[in-house]
Amino acid sequence: MFERFEMQDDTPRDIVRFEQLMLASLMLGVVVATVMYDHLLQHLGGLTPVALFMIVLYGASLALMYWTSRRRSNLGRWLISIGSVLCILPYLAHVMDMFHTSGVVYVSMLELALQAAAIQRLFTRTSRAWFAETTPLDTVPESLG
């Protein structure tokens, strides 16, 4: 089952770097969410909604990241890009709250910078070419053609 999600042999360095930067961004996001727990509790209204929100948010982000980089999903690449841009709006709405929480705004800005750097790696020349290629599952062996 997990063989389908192993790194492909022809994966470019930019895609590997995307994974590393995105994982670092997600880890920092967990740190920020932990520090801002009281703020999340105030807005989401209880332990269960906060926990459910975090599990869904980070689980979906991780799954989308692996789907994009390991399964060569062009759709995943665009979903990550558009979703990250859309998430900037709520982020900007809460920046002032982060300034009041012992410098977490700097960690959050680092998280944002890592995420932007990761997404940039999805749109390099080599990455675009890699996403444009057909996967080995889509090709017909010469013996059959």
Side-chain angles (χ1 to χ4, degrees), residues 1-140:
M1 177 178 153
F2 293 110
E3 298 87 34
R4 296 178 61 175
F5 285 96
E6 289 180 7
M7 188 69 71
Q8 298 175 13
D9 292 334
D10 65 338
T11 303
R13 184 174 46 220
D14 286 333
I15 299 299
V16 174
R17 183 69 61 192
F18 157 75
E19 271 193 20
Q20 294 167 344
L21 291 168
M22 189 59 87
L23 281 173
S25 171
L26 290 173
M27 286 189 284
L28 284 178
V30 170
V31 170
V32 170
T34 303
V35 173
M36 297 295 293
Y37 176 76
D38 290 336
H39 183 73
L40 286 171
L41 206 60
Q42 181 182 11
H43 285 286
L44 294 177
L47 178 62
T48 304
V50 169
L52 187 60
F53 176 74
M54 288 301 162
I55 290 169
V56 169
L57 178 70
Y58 289 105
S61 297
L62 193 63
L64 190 57
M65 180 197 73
Y66 279 120
W67 183 48
T68 301
S69 63
R70 303 288 174 103
R71 298 294 297 153
R72 198 185 284 194
S73 172
N74 201 32
L75 176 62
R77 174 174 77 140
W78 285 103
L79 288 175
I80 285 175
S81 304
I82 293 168
S84 294
V85 169
L86 291 176
C87 286
I88 289 176
L89 298 174
Y91 170 80
L92 292 175
H94 297 284
V95 167
M96 294 312 292
D97 295 327
M98 288 184 216
F99 273 113
H100 301 298
T101 311
S102 66
V104 74
V105 72
Y106 302 113
V107 177
S108 183
M109 287 182 186
L110 177 60
E111 171 195 3
L112 188 62
L114 286 171
Q115 194 169 21
I119 290 170
Q120 184 272 334
R121 298 295 192 275
L122 292 175
F123 293 95
T124 62
R125 181 179 297 146
T126 56
S127 296
R128 285 193 316 260
W130 185 72
F131 281 112
E133 291 177 13
T134 57
T135 61
L137 297 175
D138 295 336
T139 58
V140 178

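Rounding to the nearest 0.5 Å places OG of S127 at 4.0 Å from CG of D14. Here the CZ-OG1 distance, from R70 to T11, works out to 8.0 Å after rounding to the nearest 0.5 Å. Note that OG1 of T124 and CZ of R13 are 10.0 Å apart. Values are rounded to the nearest 0.5 Å. Rounding to the nearest 0.5 Å gives a distance of 13.0 Å between CE of M65 and OG of S73. From L79, atom CG reaches atom CG of N74 across 10.0 Å, with rounding to the nearest 0.5 Å. Between L28 atom CG and L23 atom CG the span is 11.0 Å, to the nearest 0.5 Å.
The two residues L64 and G76 make their nearest non-hydrogen contact at CD1-CA, 3.9 Å. When all heavy atoms of Y58 and A33 are compared, the pair lying nearest together is OH-CB, 4.2 Å. Nearest heavy-atom pair, L75 versus W67, reported as atom, atom and distance to 0.1 Å: CD2-CH2, 3.7 Å. The nearest pair of heavy atoms linking E111 to V32 is OE1-CG2, 3.9 Å. The shortest heavy-atom contact between F18 and A118 is CD1-O, 3.2 Å. Closest approach of I15 and S69 over heavy atoms only: CG2-CB, 3.7 Å.
T34 places a side-chain N or O within 3.5 Å of a backbone atom of V30 that can act as its donor or acceptor partner.
Taking the side chain as every heavy atom from C-beta outward, I119 and F123 approach each other to under 4.5 Å. In this structure the side chain of I88 reaches within 4.5 angstrom of the side chain of L112, judged on heavy atoms. The closest side-chain heavy-atom distance from I80 to M22 is below 4.5 Å. Taking 4.5 Å as the limit, some side-chain heavy atom of R128 sits within range of a side-chain heavy atom of R77. Side-chain contact between E133 and R72: present, with at least one pair of heavy atoms (C-beta onward) separated by less than 4.5 Å.
Under the 4.0 Å criterion applied to side-chain N and carboxylate O atoms, R121 and E19 are not assigned as salt-bridge partners.
With ring centers used as reference points, F131 lies 6.0 Å or more from W78.
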